[in-house]
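Just so it is clear, the values below take in all heavy atoms, side chains as well, and ignore hydrogens, waters and symmetry mates. Just so you know, these numbers come straight off a predicted model, no measurement behind them.
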Amino acid sequence: MAIKNIVAVVCGMDEEYPYHIILGINKYAREHSMNVSYFAAFGGVIDNEGFDIGEYSIYNLPDFSSFDGALLLSNTFSNPDIRNEIINRVKESGIPSVIFECKDYEEFCDVSINNYSVMKKMVEHLIHVHGARTFNYVSGPEANPEAKERYRAFRDALAENGIEFDMNRFYQGYFRSYDGIKAVEAFEKSGMSLPDAFVCANDSMALTVMTRLQNLGYVIPDDVMITGFDETFNAQNSCPVLTTVRRPLFYSGSEACRILSNLIDKVEQPRNTFLEAYPVFTESCGCKQDNSEDILEFKKNTFLRYERTYANIHMLNRLVAGLAGAENINECVESIEQMLGVIKCKDFCLCLVKNWENTYNVTSLEDTDTSYPPVMTAIEWKNGVRRTVDQFPSRNLFPEPFTVGGNVSYFLPLHFNQRCLGYMIIINNDFPINSLLCHTLIMSIGNAIDSISKLNVLDTLCGIYNRNGFYRNAMFIYKDCVAEEKALTLCFIDVDGLKMINDTYGHKEGDFAIKSISDAISSSCGSADICGRFGGDEFVVIGTGEDFAESFISRFEKRIEELNSEYDKPFLLSASTGYISVVPGKDDSLMDIIQQADERMYEVKKKKYKNKKWKKR
């Protein structure tokens, strides 16, 4: 029997909604020897658009047509552009697909609950049983199908009961916990009277609304009622217990995986599968709590969560400390290996773009192709044993494919802001959904690898490219000029009188002179120019355009004058600049052009030596 390989796409696995669905998917997949590959990001978490570009790069990695089927948790995406792009790519692949909570695409089967009817029952309960007439509403993302249905049910319930809704009491959230805090802050600023109830589109927002109001001195539900949606663990165990909606998330994951398996086997399945959800009326709306749940089971689950959290925090602290001191990839890998031991992960891959250590540059993914390069390198652990994979095609996703089914893999983006470094694969270990620290861990590893690559191509004193970094990045300009037959200009700059400064005033002042000249060079370059420290007191700059040298040197010399005016030093900052402008041919080399500019710089320096203008003031 052929192994079924399916892809699942999700955003933000640190929320309880995807957590329970993923558990259901994994259980069915493991029991039926299906391999599941999750591609997940944490986009929209830290309100940084540049960071999100790096996060969302993971969705460019898979070729959906290489899988047998797809599961789309599209309602976890707050960014509609990313969601629509993924959906369109899956449609184009033509593979059998199941989508959650979305009936908009006839190409996909859908597994949904009736958001509308259960939310309407919730609001009607507040009106008829508790006499609520004034409401604040905290919504989910505007483009999210579930958020739309819940809000529509809320408005219809009010309208049918003759209640007019004040849009000033509406807050647009994104299903994130922090949205609840911001919703209460917006209510405070509005100066409006306290409503009878805050109706929230999910539990995460409802719980932070409740906590924020309690901190302000309000008593729940005596002063104001609060409701949520999802019946998460925290909602069941909050104080007061949250009135919410219970829906079969685990079962919906398992059912979606079963439907997809049948579709792959070409067994006809219903276009829409509806699952029932039920309102749970309890303390936060003023109803009596159902105490039928086993208190011992609650205590056990709470204890396990606390223990796991404490262990993960300790592990993360050790990892961060180890990564902070890592000066090379081997030291970084040693820290990662200790982390894997703590989370009991025996199968793991650290997949990096080929030559990651030598390709640091300032070009953002936003301005380039955000797809992964065709060749990757990897450090892989299989059953706890580490090995290095020199290269493998990124289209294969794994350094080595599975030969058996029943495997669950989590693909997570590895980046520093917009710079794509690669990705991680956590295999047959549910740490990504069990721990709220997974995102922090990934960011720490990305930051460490970025720092190591900078050590290799950036000058530690000046913060600009070193010789290696300059040469690699200048080659992009050089090759473009060769191909387009256009002129490039290369300036070679040497600090004047550095030996005299070192001998007379000490190396600390010599470093100051080097750093100051470097800053003047960097600030005089345009966004498309490349500069670097080529040696001890030597710098190089490459740019294009007929007037590049003249304009650069003018800005540079003006900046040197400004620095001499700003700093009270017993010596003058000065530098000699030589340059060459040339249309490079196929037989030329960048190093030959650098050497020619160096020779011209020394001609300038010889003339300067007669005056020695960099001497003591």
Give me the atom names and distance for the closest heavy-atom approach of [X] to [Y].
X: Cys345; Y: Ile426; value: SG-CG2, 4.0 Å
X: Asp529; Y: Gly543; value: OD1-CA, 3.9 Å
X: Cys332; Y: Leu323; value: SG-CD2, 3.4 Å
X: Cys531; Y: Tyr465; value: O-CD1, 3.5 Å
X: Ser524; Y: Arg559; value: OG-CB, 4.4 Å
X: Ala520; Y: Leu563; value: CB-CD1, 4.1 Å

Can you tell me if [X] and [Y] form a side-chain donor-acceptor pair at under 3.5 Å?
X: Arg83; Y: Asn79; answer: no
X: Asp519; Y: Ser522; answer: no
X: Asn35; Y: Asn407; answer: yes
X: Asp494; Y: Ser576; answer: no
X: Tyr410; Y: Asp430; answer: yes

Open item on the list: Can you tell me which residue among Phe348, Phe39, Tyr372 is in a ring pair (Phe, Tyr, Trp, His ring centres under 6.0 Å) with Phe411?
Closed with: Phe39
Taking the six-membered ring for Trp and the single ring otherwise, decide whether the centroids of [X] and [Y] are under 6.0 Å apart.
X: Tyr567; Y: Phe512; answer: yes
X: Phe571; Y: Tyr505; answer: yes
X: His415; Y: Phe51; answer: yes

- [ ] Please step through side chain to side chain contact (heavy atoms under 4.5 Å, CB included) for the pair Phe534 and Phe492, ending with a clear verdict.
- [x] CA-CA 9 Å; Phe534 214 59; Phe492 201 100; 4.1 Å; yes
- [ ] Using side chain to side chain contact (heavy atoms under 4.5 Å, CB included) as the criterion, list what pairs up with Ile181, not counting sequence neighbours.
- [x]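 Partners of Ile181 by the side chain to side chain contact (heavy atoms under 4.5 Å, CB included) criterion, ordered by chain and then number, come out as Tyr178, Glu185, Thr208, Arg212.
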Task: Test side-chain hydrogen bond (donor to acceptor under 3.5 Å, both in side chains) applied to Tyr478 and Asp588, step by step - done: CA-CA 10 Å; Tyr478 173 79; Asp588 295 324; 5.4 Å; no
Short N-O contact, [X] and [Y], less than 4.0 angstrom:
X: Arg467; Y: Glu538; value: no
X: Arg386; Y: Glu380; value: no
X: Asp537; Y: Lys499; value: no

Open item on the list: If you apply the rule side chain to side chain contact (heavy atoms under 4.5 Å, CB included), what do you find for Met424 with Leu441, and how did you get there?
Closed with: CA-CA 11 Å; Met424 294 166 37; Leu441 180 146; 4.2 Å; yes
Please output the side-chain donor-acceptor pairs of residues 389-401 that fall under 3.5 Å, not counting sequence neighbours, one pair per line with the distance.
from   : atom 1 : to     : atom 2 : distance (Å)
Asp390 : OD1    : Lys354 : NZ     : 3.3
Ser394 : OG     : Pro373 : O      : 2.6
Glu400 : OE1    : Arg387 : NH2    : 3.1

TODO: Given ring pair (Phe, Tyr, Trp, His ring centres under 6.0 Å), test Phe77 with Tyr59 step by step and report yes or no.
DONE: CA-CA 12 Å; Phe77 287 81; Tyr59 300 122; 5.2 Å; yes
Open item on the list: Can you list everything that forms a side-chain hydrogen bond (donor to acceptor under 3.5 Å, both in side chains) with Ser65? Sequence neighbours excluded, please.
Closed with: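 Checked Ser65 against side-chain hydrogen bond (donor to acceptor under 3.5 Å, both in side chains); matches are Asp63.
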